[in-house]
Amino acid sequence: MKKTCVIGWPIAHSRSPLIHSYWLKKYGIDAVYEKKAVEPKNVAQFIANLAASEFIGCNVTIPHKETAFQAVAKADEIAGRLGAVNTVYLKDGVICGTNTDGEGFIASLRHAYPAFELRNKTAVIIGAGGAAKAIIGALLDEGVAKIGIINRTRERIHDLQLQFGSSVCEISKVISNDALESCALLVNTTSQGMESQPSLELEIQSLNPNALVADIIYTPLETAFLEKAKKQGNPVLGGLGMLLHQAVRGFELWFGVKPDVTAELYELIAADVQKAHKQ
Ligand code: ATR
């Protein structure tokens, strides 16, 4: 029987097994997807041994994505640009790595708002870490013209400017009103607003009323930041869709079937998130 898994440290919280097991059952594929707690010091070896192991591929989550990038024999262009791998697969016996976080965000947005236009638009991103980088790269690939970044640590914005060039600019939190007035998309990529984390403090009254406000957090399913945006009439997008859509390509690479992100799958994972929230 084919085996796949997600590796992380810790890994108990991961919803990837629920997602992939749903698809395996739905498509009648005789395979399993497991959670594997792999200590940081063992990650490189785990990946290097993949071809000889019982696993045909794996997902990689926090804090192993950078180590996984180093460990694969071949990383594709997107993984290279992020220096991080979240999906590992075997191709002709070669251990390959890619990163589907950015495409997961775009697919989630397109799924929820099919008519939303990104080309030549302006976006504002809060945060400058790995998730921000994945989303910025994907937005630029989609034709977004300009991306303003708000981040606590300014040096990280400068790093992103070095990588992505003049399409990316720094926005100070204090002078963000103009940027908010003109942007079509505002995305929180930081952990602010996640359960048991400090909330995201950003004034958004000046936001264009048509701007789409997204959060990559899915615990809670709708953050206080999104609630605030919704209350003032803006369309919103929670983070659960990104989690589901980033999983699609791994499944397709391992099993040869492109799975659907159905409403039923969304409800299944949302219920699991809510159950954990009540505990
Ligand atoms: P990820 O890979 O999930 O993006 P990361 O690379 O650690 O994680 O990035 C986390 C982002 O959240 C960063 O932009 C971080 O800001 P700094 O670059 O200043 O560290 C931001 N972040 C996390 N906690 C924060 C907080 N309490 N206040 C402001 N920003 C925060």
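When a ligand or atom number is given, it counts from 1 through the structure's own listing order.
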Could you pull out, from [options], the option with a heavy atom nearest to [atom]?
atom                    : options          : result
atom 20 (O) of ligand 1 : K65, E201, R152  : R152
atom 22 (N) of ligand 1 : T190, I126, I216 : T190
atom 7 (O) of ligand 1  : M194, Q197, R156 : R156

task = State the atoms of ligand 1, each with its element, that fall below the 4.0 Å cut-off from a heavy-atom position in G127.
result =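 Once the distances to G127 are compared, the set is 14 (O).
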Test item: [X] and [Y] side chains (from C-beta on) under 4.5 Å apart, heavy atoms:
X    : Y    : value
T61  : N86  : no
N99  : T87  : no
L200 : T223 : no
I125 : I135 : yes
V144 : T122 : no

Can you tell me which residue and heavy atom of the protein come closest to [atom], and the distance to 0.1 Å?
atom                    : answer
atom 2 (O) of ligand 1  : G130 N, 3.4 Å
atom 9 (O) of ligand 1  : G129 CA, 3.4 Å
atom 19 (O) of ligand 1 : T153 OG1, 2.4 Å
atom 24 (N) of ligand 1 : S191 OG, 3.5 Å
atom 14 (O) of ligand 1 : N151 OD1, 2.7 Å
atom 30 (N) of ligand 1 : Q192 NE2, 3.4 Å

A131-ligand 1 polar pair, N/O distance under 3.5 Å =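 Such a contact does occur with ligand 1.
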inquiry  = Quick check: P198 and ligand 1, any N/O pair under 3.5 Å apart?
reply    =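 No, since none of the N or O atoms of P198 sits under 3.5 Å from an N or O of ligand 1.
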ask   = Going by the angle between their ring planes, with limits at 30° and 60°, are W254 and H20 parallel, tilted or perpendicular?
value =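 Plane angle between 30° and 60°, so tilted.
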ask   = Do N188 and T190 get their side chains close enough for a donor-acceptor pair, meaning under 3.5 Å?
value =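 Checked: N188/T190 side chains pair up, N/O donor to acceptor below 3.5 Å.
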Distance-minimising heavy-atom pair for L90 and I95 =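 Of all heavy-atom pairs spanning L90 and I95, the closest is CD2-CG1, 3.6 Å.
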